[in-house]
Number of protein chains: 2
Amino acid sequence: MALRHAVLAALLDGELSGYQLAKAFDVGVANFWHALPQQLYAELARLEKEGLVAGRRVVQETRPAKRLFHVTDAGLTELQRFAADASKPSFIRDDLLVKVQAADHVDAGALIRQVEERAAMAEAKIDLFRRILRKMRGDLGEEEFIRAGRRVGPYLTCLRGLAFEEGNRDWCRRTAAILRDRNAAVAGGNAAVAGEGTPAVPGESTAPAARPPEVARAGR
Amino acid sequence: MALRHAVLAALLDGELSGYQLAKAFDVGVANFWHALPQQLYAELARLEKEGLVAGRRVVQETRPAKRLFHVTDAGLTELQRFAADASKPSFIRDDLLVKVQAADHVDAGALIRQVEERAAMAEAKIDLFRRILRKMRGDLGEEEFIRAGRRVGPYLTCLRGLAFEEGNRDWCRRTAAILRDRNAAVAGGNAAVAGEGTPAVPGESTAPAARPPEVARAGR
DNA sequence: CTCCCCTAGTCAAGGATATGACTATTCAAC
DNA sequence: GTTGAATAGTCATATCCTTGACTAGGGGAG
């Protein structure tokens with residue numbers, strides 16, 4: 001149940017409405033947690049009922065009224081308690097990686113497109129994170145901000161997001177290039193794929209890897 | 001519903017029992033998907049009922065009997081269908097990042113310990129992934145294997161896992177160093193933190209971090 | 001003038017994951 | 001000589017997360 005703590009952590013940087021939180025927790029932006037609007041509104045309601053956040057209604061002229069939430073003392077205590085006990089290890093769960101895992105048994109063209117698309121998304125996030133970091137540190141240089149700026153927390157998580165997306169982009173580019181090369185090799189001279197390494201698959205014939213129609217053959 | 005496809009992808013590399021799958025999908029090992037044993041047994045049962053995998057019973061002398069599963073033609077077709085349609089973007093969801101996000105309002109000592117612990121875990125996974133990669137490519141050099149080896153899929157996902165954990169380790173180390181420095185600065189001369197003189201966190205013993213009441217206030 | 005997007009928030013339902021416990025046998029250590 | 005880890009697998013419950021839809025007003029593009 002870390003969503004509640006993610007919400008509390010996000011609200012440390014100032015009052016936010018459910019809607020603003022929802023934008024911050026969006027897939028395209030979130031650099032330390034992700035959640036959908038519905039989850040956030042529900043979690044805010046629970047947090048408020050438990051006294052960990054408090055909201056105040058703000059009426060606007062041109063927009064619907066909103067409720068701005070902030071962390072209460074009890075909420076901060078809870079967050080500190082959470083920060084003190086052990087973190088569960090995080091793990092990878094990515095559609096695209098599943099597809100790449102199966103790369104040798106699956107249509108190469110479609111996969112390459114998806115990997116390239118992901119690279120572009122990573123690039124976009126890199127730009128975004130760079131902008132956010134610049135904005136956070138203001139006039140100060142990075143070293144200086146990190147040493148002496150107030151609130152490094154968000155800066156540090158954003159750095160992780162940046163490094164993650166850079167890794168993502170680099171891997172996607174390399175992977176796309178590799179898959180393209182291998183696909184070209186198979187399409188051109190058919191003898192290019194060497195069979196070496198671990199012979200782990202029992203029912204697999206010698207058919208060339210990649211290419212949609214003739215991939216099958218999981219014998220028994 | 002990508003777990004089923006992750007299972008199919010994992011079974012492409014040869015027959016596996018539920019138990020072996022469970023080990024492969026464990027937090028400490030999984031480099032493209034993670035799941036608990038219960039989930040996997042349940043998913044295998046569903047997949048078998050739908051004819052996407054088939055299992056055969058293998059009686060062992062010293063160990064309990066097991067069922068080895070392999071992907072059927074229908075399963076491969078399903079996996080190919082999955083690989084062809086769009087991947088949903090992946091996202092970050094990490095306890096530790098939540099805590100770092102709140103770093104300025106939370107006990108520094110405990111947090112630093114956790115970040116260092118995570119760095120050590122990352123290091124262990126790096127070693128593991130390097131061993132796995134070496135084993136996969138056998139005698140071939142990396143470039144050669146990537147160009148001509150059969151089954152690059154698992155190699156590529158493992159490369160992603162490796163890069164991810166390297167990024168993790170580097171970020172954890174840097175973060176730990178930064179938090180240590182800032183903590184020392186606060187503990188030593190209190191004037192070291194620029195901004196509004198809001199000292200991040202008092203050391204291990206003293207009372208609450210960053211006074212709660214003045215958290216709020218965001219304009220507009 | 002209409003359509004669509006943005007702000008702001010809510011409801012219901014179902015699928016996916018996590019927590020915790022439980023059966024059995026075997027090998028190795030203490 | 002009993003505890004503990006590893007193999008092999010199952011059950012039930014609870015919470016979490018996702019999908020899809022819906023209200024309602026304002027602003028901008030065409």
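What you see is a predicted model, and the numbers here were worked out from it, not measured in a lab. Residue numbers begin at 1 in each chain, while the letters A, B, ... track the order of the sequences.
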Check: To the nearest angstrom, how far is A:R93 atom CZ from D:dC17 atom P?
Finding: 11 Å

Notebook entry, point to check: Once you round it to whole Å, what is the distance between P of C:dC6 and CD of A:E61?
Noted result: 23 Å

Check: Between atom CD in A:Q38 and atom P in D:dG20, what is the gap in whole Å?
Finding: 11 Å

Next item on the list: Figure out the CD/C1' separation between A:E43 and D:dT15, and round it to whole Å.
Entry: 11 Å

Notebook entry, point to check: Counting side-chain heavy atoms from CB outward, which of D:dA21, D:dC17, C:dA18 is closest to A:W33?
Noted result: D:dC17

Next item on the list: Calculate the interatomic distance between B:L3 atom CG and D:dT18 atom C1'; express it in whole Å.
Entry: 15 Å

Next item on the list: Respond yes when some side-chain nitrogen or oxygen of B:R4 is under 4.0 Å from OP1 or OP2 of C:dG15, and no when none is.
Entry: no

Margin query: Can a donor-acceptor pair be found, under 3.5 Å and without considering hydrogens, that links the side chain of A:Q80 to the backbone of B:H105?
Written below: yes

Note to self: Please report the distance, rounded to the nearest Å, between NE2 in B:H34 and C1' in C:dA18.
What the structure shows: 9 Å

Notebook entry, point to check: Do B:K99 and A:F82 meet the cation-pi criteria used here (NZ or CZ under 6.0 Å from the six-membered ring centre, within 45° of the axis)?
Noted result: yes

For nucleotides 6-8 of chain D, list the nitrogen or oxygen atoms of the protein found under 3.5 Å from its nitrogen or oxygen atoms, one pair per line.
{"residue": "D:dT7", "atom": "OP2", "partner": "B:Y19", "partner atom": "OH", "Å": "2.8"}
{"residue": "D:dA8", "atom": "OP1", "partner": "B:Q60", "partner atom": "OE1", "Å": "3.1"}
{"residue": "D:dA8", "atom": "OP1", "partner": "B:Q60", "partner atom": "NE2", "Å": "2.7"}
{"residue": "D:dA8", "atom": "O3'", "partner": "B:A65", "partner atom": "O", "Å": "3.4"}

Item checked: A:H34/A:F25 aromatic ring centres below 6.0 Å -> no

Next item on the list: Nearest whole angstrom, please: distance from the P of D:dA12 to the CG of B:L36.
Entry: 18 Å

Item checked: Side-chain ion pair, A:R160 and A:E165, N-O less than 4.0 Å -> no

Checklist line | Sugar-phosphate, base or nothing in reach of A:R57, heavy atoms under 4.0 Å | finding: nothing

Next item on the list: Can you check whether any acceptor in the base of D:dT18 is under 3.5 Å from a donor in the side chain of A:Q39, or vice versa?
Entry: no

Check: If you pin A:A35 and A:T62 to their nearest nucleotides in DNA chain D, which one's is more 5'?
Finding: A:A35

Next item on the list: Identify which one of A:N168, A:D95, A:D94 satisfies the side-chain hydrogen bond (donor to acceptor under 3.5 Å, both in side chains) criterion when paired with A:R118.
Entry: A:D94

Note to self: Within the 4.5 Å heavy-atom criterion, are B:L12 and B:L76 side-chain neighbours or not?
What the structure shows: yes

Check: Does A:K88 put a side-chain nitrogen or oxygen below 4.0 Å from OP1 or OP2 of C:dT17?
Finding: no

